Chemist: 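The structure is given below, and queries will be raised subsequently.
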There are 2 protein chains.
Amino acid sequence: MTEGENSKPERISEAEHAVMEALWEHSPLTATEVCDRVCETRGWSLATVKTLLSRLVTKQAVAAQADGRRFLYSPAMARVDYVDGESRRLVDRLFGGRPATLFAHLAEQEALSERDIAEIEALLKEIRS
Amino acid sequence: MTEGENSKPERISEAEHAVMEALWEHSPLTATEVCDRVCETRGWSLATVKTLLSRLVTKQAVAAQADGRRFLYSPAMARVDYVDGESRRLVDRLFGGRPATLFAHLAEQEALSERDIAEIEALLKEIRS
DNA sequence: GCTTCATGTTTACAAACGTAGTCGCTATGA
DNA sequence: TCATAGCGACTACGTTTGTAAACATGAAGC
(Lines give C-alpha, C1' and ligand atoms only; values in the text may rest on other atoms or scores of the structure.)
Protein backbone atom coordinates (compact mmCIF):
# COMPACT_ATOMS: atom_id res chain seq x y z
CA MET A 1 0.00 0.00 0.00
CA THR A 2 1.34 3.39 -1.01
CA GLU A 3 1.13 5.13 2.32
CA GLY A 4 -1.93 7.10 1.27
CA GLU A 5 -3.09 10.24 3.05
CA ASN A 6 -2.29 8.85 6.45
CA SER A 7 -3.06 12.10 8.27
CA LYS A 8 -3.46 11.82 11.99
CA PRO A 9 -6.02 14.44 13.05
CA GLU A 10 -3.63 17.11 14.36
CA ARG A 11 -5.06 18.91 17.28
CA ILE A 12 -6.66 22.31 16.69
CA SER A 13 -5.83 24.92 19.30
CA GLU A 14 -8.29 27.31 20.85
CA ALA A 15 -7.25 30.30 18.76
CA GLU A 16 -7.33 28.19 15.64
CA HIS A 17 -10.78 27.01 16.57
CA ALA A 18 -12.10 30.56 16.43
CA VAL A 19 -10.94 30.73 12.82
CA MET A 20 -12.55 27.39 12.07
CA GLU A 21 -15.84 28.63 13.45
CA ALA A 22 -15.75 31.55 11.06
CA LEU A 23 -15.15 29.22 8.15
CA TRP A 24 -17.79 26.77 9.25
CA GLU A 25 -20.25 29.57 9.40
CA HIS A 26 -19.43 30.74 5.91
CA SER A 27 -16.93 29.63 3.33
CA PRO A 28 -14.87 30.08 1.36
CA LEU A 29 -13.38 33.25 2.78
CA THR A 30 -10.20 35.19 2.15
CA ALA A 31 -7.86 35.91 5.04
CA THR A 32 -9.15 39.46 5.18
CA GLU A 33 -12.73 38.26 5.32
CA VAL A 34 -11.94 35.89 8.13
CA CYS A 35 -10.36 38.79 9.96
CA ASP A 36 -13.48 40.85 9.41
CA ARG A 37 -15.40 38.18 11.23
CA VAL A 38 -13.10 37.50 14.17
CA CYS A 39 -10.46 40.19 14.64
CA GLU A 40 -12.79 42.57 16.39
CA THR A 41 -14.04 40.16 19.03
CA ARG A 42 -10.71 38.50 19.64
CA GLY A 43 -8.67 41.66 19.42
CA TRP A 44 -6.46 40.23 16.71
CA SER A 45 -4.58 41.79 13.85
CA LEU A 46 -4.83 40.52 10.29
CA ALA A 47 -1.32 39.10 10.66
CA THR A 48 -2.51 36.82 13.42
CA VAL A 49 -5.32 35.46 11.31
CA LYS A 50 -2.90 34.81 8.46
CA THR A 51 -0.64 32.85 10.76
CA LEU A 52 -3.51 30.81 12.14
CA LEU A 53 -4.81 30.10 8.66
CA SER A 54 -1.47 28.79 7.46
CA ARG A 55 -1.09 26.62 10.52
CA LEU A 56 -4.55 25.23 9.89
CA VAL A 57 -3.64 24.54 6.28
CA THR A 58 -0.52 22.70 7.46
CA LYS A 59 -2.66 20.68 9.83
CA GLN A 60 -4.95 19.98 6.91
CA ALA A 61 -7.91 21.32 8.81
CA VAL A 62 -8.39 24.03 6.23
CA ALA A 63 -8.09 23.86 2.44
CA ALA A 64 -6.72 26.80 0.49
CA GLN A 65 -7.94 27.20 -3.04
CA ALA A 66 -5.98 29.60 -5.21
CA ASP A 67 -7.94 32.47 -6.68
CA GLY A 68 -5.56 34.64 -8.64
CA ARG A 69 -2.84 35.71 -6.28
CA ARG A 70 -4.80 35.04 -3.15
CA PHE A 71 -6.45 32.10 -1.51
CA LEU A 72 -9.95 31.20 -0.65
CA TYR A 73 -10.02 29.20 2.55
CA SER A 74 -12.54 26.51 3.41
CA PRO A 75 -12.82 24.03 6.24
CA ALA A 76 -11.31 20.68 5.39
CA MET A 77 -12.96 18.96 8.28
CA ALA A 78 -16.59 18.87 9.27
CA ARG A 79 -17.60 20.78 12.34
CA VAL A 80 -19.47 17.78 13.61
CA ASP A 81 -16.28 15.73 13.58
CA TYR A 82 -14.38 18.34 15.51
CA VAL A 83 -17.16 18.79 18.01
CA ASP A 84 -17.47 15.07 18.40
CA GLY A 85 -13.77 14.61 19.02
CA GLU A 86 -13.66 17.32 21.64
CA SER A 87 -16.78 16.06 23.36
CA ARG A 88 -15.50 12.55 23.55
CA ARG A 89 -12.17 13.69 24.89
CA LEU A 90 -13.90 15.49 27.70
CA VAL A 91 -16.23 12.64 28.50
CA ASP A 92 -13.36 10.18 28.45
CA ARG A 93 -11.03 12.28 30.52
CA LEU A 94 -13.44 13.49 33.15
CA PHE A 95 -16.41 11.17 33.17
CA GLY A 96 -14.89 7.78 32.56
CA GLY A 97 -16.28 7.73 29.06
CA ARG A 98 -19.85 7.77 30.35
CA PRO A 99 -22.00 10.56 28.93
CA ALA A 100 -24.58 9.82 31.61
CA THR A 101 -22.06 10.81 34.25
CA LEU A 102 -21.53 14.14 32.52
CA PHE A 103 -25.26 14.58 32.42
CA ALA A 104 -25.55 13.76 36.12
CA HIS A 105 -22.84 16.28 36.87
CA LEU A 106 -24.61 19.00 34.94
CA ALA A 107 -27.84 18.21 36.73
CA GLU A 108 -26.18 18.29 40.13
CA GLN A 109 -24.54 21.60 39.38
CA GLU A 110 -27.86 22.95 38.32
CA ALA A 111 -26.36 23.82 35.00
CA LEU A 112 -29.49 22.64 33.23
CA SER A 113 -32.17 25.16 32.49
CA GLU A 114 -35.82 24.25 32.34
CA ARG A 115 -35.52 24.56 28.61
CA ASP A 116 -32.57 22.15 28.52
CA ILE A 117 -34.47 19.62 30.54
CA ALA A 118 -37.51 19.87 28.33
CA GLU A 119 -35.43 19.47 25.19
CA ILE A 120 -33.61 16.48 26.52
CA GLU A 121 -36.87 14.89 27.52
CA ALA A 122 -38.17 15.42 24.02
CA LEU A 123 -35.04 13.91 22.52
CA LEU A 124 -35.32 10.89 24.75
CA LYS A 125 -38.90 10.38 23.74
CA GLU A 126 -37.82 10.49 20.14
CA ILE A 127 -35.05 7.98 20.72
CA ARG A 128 -37.49 5.67 22.38
CA SER A 129 -39.93 5.74 19.52
CA MET B 1 -8.34 46.66 50.55
CA THR B 2 -5.23 44.59 51.07
CA GLU B 3 -5.23 42.72 47.79
CA GLY B 4 -6.35 39.50 49.44
CA GLU B 5 -5.94 36.08 47.88
CA ASN B 6 -6.97 37.28 44.49
CA SER B 7 -6.02 34.06 42.73
CA LYS B 8 -7.45 33.64 39.28
CA PRO B 9 -7.95 29.92 38.72
CA GLU B 10 -4.84 29.20 36.64
CA ARG B 11 -5.48 26.66 33.98
CA ILE B 12 -4.44 23.07 34.64
CA SER B 13 -2.84 21.28 31.71
CA GLU B 14 -3.58 17.76 30.62
CA ALA B 15 -0.46 16.24 32.14
CA GLU B 16 -1.06 18.14 35.35
CA HIS B 17 -4.59 16.85 35.39
CA ALA B 18 -3.36 13.27 35.57
CA VAL B 19 -1.52 14.18 38.76
CA MET B 20 -4.60 15.86 40.15
CA GLU B 21 -6.65 12.74 39.52
CA ALA B 22 -4.20 10.72 41.58
CA LEU B 23 -4.48 13.20 44.41
CA TRP B 24 -8.23 13.40 44.20
CA GLU B 25 -8.39 9.67 44.43
CA HIS B 26 -6.23 9.58 47.51
CA SER B 27 -4.43 12.25 49.47
CA PRO B 28 -2.11 13.33 50.85
CA LEU B 29 0.60 11.62 48.86
CA THR B 30 4.34 12.12 48.52
CA ALA B 31 5.84 12.72 45.09
CA THR B 32 7.02 9.13 45.00
CA GLU B 33 3.57 7.85 45.84
CA VAL B 34 2.03 9.94 43.10
CA CYS B 35 4.56 8.46 40.73
CA ASP B 36 3.61 4.98 41.86
CA ARG B 37 0.09 5.74 40.79
CA VAL B 38 0.68 7.41 37.45
CA CYS B 39 4.21 6.87 36.13
CA GLU B 40 3.51 3.42 34.83
CA THR B 41 0.44 4.29 32.80
CA ARG B 42 1.75 7.59 31.51
CA GLY B 43 5.29 6.37 30.98
CA TRP B 44 6.72 9.11 33.16
CA SER B 45 9.78 9.32 35.31
CA LEU B 46 9.68 10.51 38.89
CA ALA B 47 11.36 13.72 37.76
CA THR B 48 8.38 14.52 35.58
CA VAL B 49 5.98 14.07 38.44
CA LYS B 50 8.08 16.33 40.62
CA THR B 51 7.98 19.03 37.98
CA LEU B 52 4.24 18.74 37.56
CA LEU B 53 3.69 18.84 41.29
CA SER B 54 5.67 22.02 41.74
CA ARG B 55 3.87 23.66 38.86
CA LEU B 56 0.58 22.69 40.44
CA VAL B 57 1.72 24.13 43.76
CA THR B 58 2.63 27.37 41.99
CA LYS B 59 -0.79 27.41 40.39
CA GLN B 60 -2.25 26.82 43.83
CA ALA B 61 -4.09 23.78 42.62
CA VAL B 62 -2.15 21.61 45.03
CA ALA B 63 -1.12 22.26 48.62
CA ALA B 64 2.19 20.99 49.95
CA GLN B 65 2.36 20.26 53.63
CA ALA B 66 5.86 19.79 55.06
CA ASP B 67 6.51 16.46 56.71
CA GLY B 68 10.09 16.50 57.88
CA ARG B 69 12.29 16.59 54.81
CA ARG B 70 9.57 15.99 52.33
CA PHE B 71 6.13 17.18 51.39
CA LEU B 72 2.75 15.66 51.48
CA TYR B 73 0.69 16.89 48.58
CA SER B 74 -3.04 17.36 48.58
CA PRO B 75 -5.50 18.86 46.11
CA ALA B 76 -6.21 22.51 46.83
CA MET B 77 -9.22 22.54 44.59
CA ALA B 78 -12.23 20.27 44.53
CA ARG B 79 -12.54 17.87 41.65
CA VAL B 80 -16.10 18.92 41.12
CA ASP B 81 -14.99 22.49 40.55
CA TYR B 82 -12.41 21.47 38.02
CA VAL B 83 -14.81 19.18 36.23
CA ASP B 84 -17.45 21.83 36.24
CA GLY B 85 -15.13 24.44 34.79
CA GLU B 86 -13.98 22.18 32.00
CA SER B 87 -17.49 21.06 31.18
CA ARG B 88 -18.79 24.56 31.00
CA ARG B 89 -15.91 25.63 28.81
CA LEU B 90 -16.74 22.92 26.35
CA VAL B 91 -20.45 23.61 26.37
CA ASP B 92 -19.84 27.31 25.94
CA ARG B 93 -17.29 26.95 23.21
CA LEU B 94 -18.97 24.29 21.13
CA PHE B 95 -22.62 24.24 22.02
CA GLY B 96 -23.47 27.85 22.54
CA GLY B 97 -23.73 27.30 26.27
CA ARG B 98 -26.65 24.92 25.83
CA PRO B 99 -26.15 21.53 27.49
CA ALA B 100 -29.16 20.26 25.58
CA THR B 101 -27.29 20.85 22.34
CA LEU B 102 -24.43 18.75 23.61
CA PHE B 103 -26.90 16.08 24.53
CA ALA B 104 -28.48 16.23 21.10
CA HIS B 105 -25.08 15.91 19.52
CA LEU B 106 -24.23 12.85 21.57
CA ALA B 107 -27.54 11.29 20.68
CA GLU B 108 -27.06 11.99 16.99
CA GLN B 109 -23.59 10.52 17.03
CA GLU B 110 -24.94 7.46 18.73
CA ALA B 111 -22.49 8.04 21.51
CA LEU B 112 -25.13 7.12 24.06
CA SER B 113 -25.35 3.55 25.19
CA GLU B 114 -28.60 1.97 26.26
CA ARG B 115 -27.32 2.24 29.79
CA ASP B 116 -26.60 5.97 29.38
CA ILE B 117 -30.07 6.55 28.08
CA ALA B 118 -31.65 4.63 30.92
CA GLU B 119 -29.63 6.53 33.50
CA ILE B 120 -30.46 9.88 32.04
CA GLU B 121 -34.13 8.96 31.97
CA ALA B 122 -33.94 8.03 35.61
CA LEU B 123 -32.22 11.30 36.46
CA LEU B 124 -34.84 13.26 34.62
CA LYS B 125 -37.59 11.48 36.47
CA GLU B 126 -35.86 12.38 39.70
CA ILE B 127 -35.52 16.01 38.71
CA ARG B 128 -39.18 16.11 37.86
CA SER B 129 -40.28 14.77 41.22
C1' DG C 1 32.35 10.92 60.08
C1' DC C 2 31.30 9.37 55.48
C1' DT C 3 28.61 7.20 51.92
C1' DT C 4 24.24 6.72 50.19
C1' DC C 5 19.45 7.37 49.49
C1' DA C 6 15.46 10.16 49.27
C1' DT C 7 13.55 14.37 48.07
C1' DG C 8 12.79 19.15 46.78
C1' DT C 9 14.92 22.94 43.70
C1' DT C 10 17.03 24.56 39.52
C1' DT C 11 17.96 24.28 34.98
C1' DA C 12 17.11 22.43 30.29
C1' DC C 13 15.15 22.07 26.05
C1' DA C 14 12.12 21.03 22.23
C1' DA C 15 7.35 21.53 20.57
C1' DA C 16 3.13 24.04 20.56
C1' DC C 17 0.75 28.40 21.03
C1' DG C 18 -0.52 33.29 20.85
C1' DT C 19 0.48 37.22 18.61
C1' DA C 20 2.50 39.88 15.19
C1' DG C 21 6.11 42.26 12.10
C1' DT C 22 8.64 42.17 7.66
C1' DC C 23 9.65 40.68 2.88
C1' DG C 24 8.59 39.99 -1.67
C1' DC C 25 5.56 39.73 -5.51
C1' DT C 26 2.00 41.25 -8.55
C1' DA C 27 -2.19 43.41 -10.31
C1' DT C 28 -3.64 48.06 -10.87
C1' DG C 29 -4.34 52.64 -11.38
C1' DA C 30 -1.85 57.19 -12.34
C1' DT D 1 6.23 52.80 -16.49
C1' DC D 2 6.15 53.54 -11.69
C1' DA D 3 4.30 53.87 -7.19
C1' DT D 4 1.01 51.40 -4.49
C1' DA D 5 -1.92 48.45 -2.13
C1' DG D 6 -3.13 43.71 -1.18
C1' DC D 7 -1.70 39.32 0.02
C1' DG D 8 0.85 35.01 1.12
C1' DA D 9 5.46 33.45 3.03
C1' DC D 10 8.90 33.81 6.25
C1' DT D 11 10.66 35.23 10.55
C1' DA D 12 10.18 36.43 15.37
C1' DC D 13 9.60 36.04 20.12
C1' DG D 14 7.71 35.37 24.68
C1' DT D 15 4.90 31.77 27.18
C1' DT D 16 3.13 27.26 28.27
C1' DT D 17 3.57 22.41 28.11
C1' DG D 18 5.76 17.88 28.22
C1' DT D 19 9.52 15.57 29.76
C1' DA D 20 13.52 15.10 32.38
C1' DA D 21 18.43 15.58 34.09
C1' DA D 22 21.56 17.81 37.44
C1' DC D 23 22.19 19.58 41.87
C1' DA D 24 21.82 20.34 46.83
C1' DT D 25 20.77 18.90 51.20
C1' DG D 26 19.56 16.35 55.03
C1' DA D 27 18.62 11.60 57.07
C1' DA D 28 20.23 7.23 58.07
C1' DG D 29 23.07 3.44 58.24
C1' DC D 30 27.96 1.74 58.77
Side-chain angles (χ1 to χ4, degrees), chain A residues 7-23 28-74 76 82 85-86 89 93, chain B residues 7-23 27-74 76 82 86 89 93:
Chain A
S7 48
K8 61 210 87 167
E10 286 236 45
R11 207 122 155 62
I12 291 173
S13 80
E14 169 124 7
E16 287 160 0
H17 170 241
V19 170
M20 290 304 292
E21 285 294 344
L23 291 175
L29 292 177
T30 66
T32 308
E33 287 167 341
V34 170
C35 187
D36 288 343
R37 289 161 181 257
V38 302
C39 283
E40 182 104 21
T41 26
R42 306 278 303 203
W44 285 343
S45 76
L46 174 60
T48 300
V49 170
K50 288 195 224 168
T51 301
L52 293 174
L53 277 171
S54 44
R55 286 182 185 167
L56 284 166
V57 168
T58 301
K59 293 184 182 182
Q60 299 191 289
V62 160
Q65 173 195 5
D67 170 52
R69 82 220 79 296
R70 64 190 188 168
F71 283 123
L72 297 179
Y73 298 95
S74 313
Y82 173 74
E86 293 296 302
R89 282 174 62 80
R93 216 160 56 85
Chain B
S7 48
K8 62 212 87 167
E10 285 233 48
R11 205 120 161 63
I12 292 172
S13 79
E14 168 123 8
E16 286 160 0
H17 170 242
V19 169
M20 292 304 290
E21 285 294 344
L23 291 174
S27 75
L29 292 177
T30 65
T32 309
E33 289 168 339
V34 171
C35 186
D36 288 343
R37 290 162 181 257
V38 302
C39 284
E40 183 104 21
T41 26
R42 305 277 305 202
W44 285 343
S45 75
L46 174 59
T48 300
V49 170
K50 288 195 225 168
T51 301
L52 294 173
L53 277 171
S54 45
R55 286 180 185 168
L56 285 166
V57 168
T58 301
K59 293 185 182 180
Q60 298 190 289
V62 160
Q65 172 194 7
D67 171 51
R69 246 37 33 249
R70 64 200 188 157
F71 284 123
L72 297 179
Y73 299 94
S74 312
Y82 173 75
E86 293 296 303
R89 283 174 61 79
R93 216 160 56 85

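Below, chain A is the first sequence line, B the second, and so on; all start at residue 1. For clarity, every value in this text was computed on a predicted model and none was experimentally measured.
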Chemist: If I compare all heavy atoms of A/V19 with all of A/V34, which pair ends up nearest, and what's the gap?
Modeler: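 What the structure gives for the nearest pair is CG1-CG1, 4.1 Å.
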
Chemist: Rounded to whole angstroms, how far apart are CG on B/L56 and P on D/dG18?
Modeler: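 That distance rounds to 10 Å.
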
Chemist: Roughly how many Å is it from CG in A/D36 to C1' in D/dC7, rounded to a whole number?
Modeler: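 Rounding to the nearest Å, CG of A/D36 and C1' of D/dC7 are 14 Å apart.
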
Chemist: In whole angstrom, give the distance that lies between atom CG of B/L53 and atom P of D/dT19.
Modeler: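 Rounding to the nearest Å, CG of B/L53 and P of D/dT19 are 15 Å apart.
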
Chemist: Quick check for you: to the nearest 0.5 Å, what is the distance between A/L52 atom CG and A/I12 atom CD1?
Modeler: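 Here the rounded value is 11.5 Å.
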
Chemist: Taking only side-chain N and O atoms of A/T32, does any of them lie within less than 4.0 angstrom of OP1 or OP2 on D/dG6?
Modeler: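 Negative; the distance criterion is not met.
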
Chemist: Hey, mind stepping through A/E86 and B/R93 against side-chain contact (heavy atoms from CB on, under 4.5 Å) and telling me if it holds?
Modeler: CA-CA 10 Å; A/E86 293 296 302; B/R93 216 160 56 85; 3.5 Å; yes

Chemist: Taking CZ from A/R42 and P from C/dT19, how many angstroms apart are they, rounded to a whole number?
Modeler: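 To the nearest whole Å, that distance equals 7 Å.
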
Chemist: Rounding to a whole Å, what distance do you find between A/F71:CZ and C/dC25:C1'?
Modeler: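 It works out to 13 Å between those atoms.
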
Chemist: When you compare the protein's N or O atoms with those of nucleotides 23-30 of chain D, which come within less than 3.5 Å of each other, and at what distance?
Modeler:
unit_1, atom_1, unit_2, atom_2, d
D/dG26, O3', B/R69, NE, 2.9
D/dA27, OP1, B/R69, NE, 2.9
D/dA27, OP1, B/R69, NH2, 2.5
D/dA27, O5', B/R69, NE, 3.4

Chemist: Counting only side-chain N and O atoms of B/T48, is one of them less than 4.0 Å from OP1 or OP2 of D/dG18?
Modeler: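 No, because none of the side-chain N or O atoms of B/T48 sits under 4.0 Å from OP1 or OP2 of D/dG18.
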
Chemist: Mind checking the CG-CG spacing from B/L72 to B/L29? Nearest 0.5 Å is all I need.
Modeler: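 Result: 8.5 Å between the selected atoms.
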
Chemist: Within this structure, what is the CZ-NZ distance for the pair A/F71 and A/K50, rounded to the nearest 0.5 Å?
Modeler: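 It is 12.5 Å, given to the nearest 0.5 Å.
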
Chemist: Restricting both atoms to N or O, compile the protein contacts to nucleotides 10-17 of chain C shorter than 3.5 Å, with distance only.
Modeler:
unit_1, atom_1, unit_2, atom_2, d
C/dC17, OP2, A/K59, NZ, 3.0

Chemist: Can you measure A/L46 atom CG to C/dT22 atom P for me and round it to whole angstrom units?
Modeler: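 So the CG-P distance, A/L46 to C/dT22, works out to 14 Å.
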
Chemist: Taking any heavy-atom pair under 4.0 Å as a contact, classify A/A31: base, sugar-phosphate, or nothing.
Modeler: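 Sugar-phosphate, no base atom in range.
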
Chemist: Nearest to the side chain of A/S45 - D/dG8, D/dA21, C/dG21?
Modeler: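 The nucleotide sitting nearest to the side chain is C/dG21.
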
Chemist: Taking B/E33 first and then B/R70, would you say they form a salt bridge - that is, a charged N and a carboxylate O separated by under 4.0 Å?
Modeler: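 No, B/E33 and B/R70 are not salt-bridged.
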
Chemist: Atom CG of A/D67 to atom C1' of D/dC7: distance rounded to whole Å?
Modeler: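 Spelled out: CG on A/D67 to C1' on D/dC7 is 12 Å.
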
Chemist: Report the residue from A/R55, A/R42, A/K59 that forms a salt bridge (Lys or Arg N to Asp or Glu O under 4.0 Å) with A/E16.
Modeler: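 With A/E16 as partner, A/R55, A/R42, A/K59 yield a single salt bridge (Lys or Arg N to Asp or Glu O under 4.0 Å), made by A/K59.
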
Chemist: For the CG atom of B/L23 and the CG atom of B/L56, what is their distance to the nearest 0.5 Å?
Modeler: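 That separation rounds to 8.0 Å.
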
Chemist: How close do B/W44 and B/A15 get, counting heavy atoms only, and between which atoms?
Modeler: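 Scanning both residues completely, I find the closest heavy atoms to be CH2-O, 3.3 Å.
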
Chemist: Between atom CZ in B/R70 and atom C1' in C/dC5, what is the gap in whole Å?
Modeler: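 So the CZ-C1' distance, B/R70 to C/dC5, works out to 13 Å.
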
Chemist: Given C/dT19, C/dG21, D/dA21, identify the nucleotide with an atom nearest to the side chain of A/W44.
Modeler: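 Between C/dT19, C/dG21, D/dA21, the one nearest the side chain of A/W44 would be C/dT19.
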
